[in-house]
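Written out below as structure tokens is the structure these notes cover.
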Amino acid sequence: MSDKKRKKTFVQGPISPEKIANSIANHQSKTNIGAHDIFLGQVRADQVDGKIVGAIEYTAYEEMAEEAFHEIRESAFEKFNLTCAHIYHSLGTVKAGELCLFVFTSSPHRNDAFEACRYLVEEVKSKVPVFGKEIFEDETHQWKVNK
Amino acid sequence: MSDKKRKKTFVQGPISPEKIANSIANHQSKTNIGAHDIFLGQVRADQVDGKIVGAIEYTAYEEMAEEAFHEIRESAFEKFNLTCAHIYHSLGTVKAGELCLFVFTSSPHRNDAFEACRYLVEEVKSKVPVFGKEIFEDETHQWKVNK
Amino acid sequence: MGFVSVKYFGMIAEKTGKEIEQISFEEVGNHLTDLKTYCEKSYPGMGDIKYQIAINKCLGSKEVLQEGDEVAFLPPFAGG
Amino acid sequence: MGFVSVKYFGMIAEKTGKEIEQISFEEVGNHLTDLKTYCEKSYPGMGDIKYQIAINKCLGSKEVLQEGDEVAFLPPFAGG
């Protein structure tokens with residue numbers, strides 16, 4: 001439960017495939033890992049009343065959200081046999097087709113990697129104060145609500 | 001059930017993080033995707049009677065295995081609402097810390113991406129004739145058996 | 001008497017036209033219920049939104065407010 | 001009379017010292033059971049390994065072999 005490993009979860013703008021590749025490469029020295037699971041959230045070009053979502057603009061109650069990310073991650077380490085767990089979430093504008101969420105779990109065995117990744121994603125969606133404004137191509141907008 | 005999309009699942013040697021990044025980037029034009037799940041199998045430096053696994057040498061009954069990969073992938077499309085599904089598996093030598101399996105599922109929504117990825121990994125492990133020789137650092141070996 | 005800091009987010013900030021303000025106990029008393037009523041009255045449309053309240057970054061933590069508390073009105077979450 | 005192609009993989013190929021061979025019905029008859037007995041007798045240690053058999057790339061597909069069938073002895077799978 002120490003704070004020493006606490007690092008920021010929010011990144012400005014979309015998450016790049018290169019960031020994901022670097023993150024994977026950084027785990028190749030940890031030779032007790034046998035399984036990684038990676039979840040990526042991608043902004044969908046949903047159609048609503050004939051208008052198409054071109055981007056989502058993310059805002060958050062940042063201090064509370066970073067606290068929530070930290071607690072969610074700690075609880076995953078308590079529930080599952082994990083070697084590593086990382087969460088990154090976008091703030092600001094993320095265009096349709098770009099990535100807004102990157103959850104990465106690693107474990108000696110696949111069951112823990114899978115279960116922990118799913119757990120983290122569900123917790124992030126339900127417990128972290130992040131808000132999303134879906135911007136249509138005609139510059140009108142609506143607010144996204146998680147199910 | 002057509003053969004037109006059939007492509008090889010086996011790759012020689014380890015799977016690189018760059019290949020994974022490229023594969024992710026290739027999906028950014030598919031803007032009906034909202035969720036990706038990626039499973040990565042990494043070779044563990046397991047310790048057995050004081051000896052450490054340095055690499056796994058993979059062989060396969062290739063024609064049967066490619067057939068099995070194809071059927072597994074087809075059945076995933078029947079069971080889940082998927083936009084894309086990809087499987088890559090190494091043949092030859094993969095060192096401890098390197099990646100030997102890459103399973104990638106994409107769907108409009110997270111539940112299908114998660115469930116399909118898990119399904120594919122379990123099917124690959126149980127139904128595909130791939131064999132693994134764990135090479136210890138002193139060049140002796142033992143045969144890997146999936147649980 | 002004191003003040004609480006009130007924060008608004010997402011579609012709620014859109015209704016209030018501001019992201020933060022100080023509200024005094026003199027104006028609304030120190031009960032959360034009264035603060036909610038006050039805000040919903042001040043900002044038309046806010047009462048139609050389903051929201052959660054966090055006090056000092058914790059959801060549903062207490063009813064009686066204290067000097068310096070940070071009260072946040074949070075519309076539905078949309079992370080991921 | 002004909003032949004079947006027999007393939008060995010992984011730890012089984014290690015016991016047989018070869019990956020493929022032709023075996024004639026004249027030698028072993030055309031029943032899978034007899035082929036198995038023949039192979040296990042020919043290659044010491046092979047009978048101790050848990051294996052599955054695929055005929056023409058299908059697991060457990062039939063008992064009576066035909067000219068040209070491909071019979072594969074598959075040790076436990078280890079993919080992933």
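Below, all heavy atoms of this structure are taken into account, side chains as well, without hydrogens, waters or symmetry copies. Per chain, numbering begins at 1; letters A, B, ... match sequence-line order.
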Spacing of D:Leu59 atom CG and B:Lys127 atom NZ [to the nearest 0.5 Å]: 9.5 Å

Between atom CZ of B:Phe131 and atom CD of D:Glu14, what is the distance when rounded to the nearest 0.5 Å?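 Result: 13.0 Å between the selected atoms.
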
Any idea which heavy atoms bring D:Ala54 and B:Met64 closest together, and the distance?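 Smallest heavy-atom distance, with atoms named: CB-SD, 3.6 Å.
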
Measure across D:Ala78 and B:Gly132 and return the closest heavy-atom pair with its distance rounded to 0.1 Å.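 In this case the closest contact between D:Ala78 and B:Gly132 is CB-N, 3.7 Å.
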
Electrostatic pair B:Glu66-D:Lys57, nearest N-O below 4.0 angstrom: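 So B:Glu66 does not pair with D:Lys57 through a salt bridge.
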
Side chain, backbone, both or neither: which part of [X] has an atom under 4.5 Å from a heavy atom of chain D?
X	result
B:Ser126	backbone
B:Tyr61	both
B:Lys133	side chain
B:Ala60	backbone
B:Val145	both

[X] atom [atom1], over 12 foreign heavy atoms within 6.0 Å:
X	atom1	result
B:Lys125	NZ	yes
B:Glu139	CD	no
B:Asp49	CG	no
B:Glu63	CD	yes
B:Lys79	NZ	no

Check: D:Gly79 main-chain N/O paired with B:Asn146 side-chain donor or acceptor under 3.5 Å: yes

Chain D: which of B:Pro129, B:Cys100, B:Gly41 shares the most heavy-atom pairs with it under 4.5 Å?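 Most heavy-atom pairs within the cutoff with chain D belong to B:Pro129.
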
Does any backbone or side-chain atom of D:Lys50 lie under 4.5 Å from a heavy atom of chain B? Answer side chain, backbone, both or neither.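 The answer is neither part of D:Lys50.
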
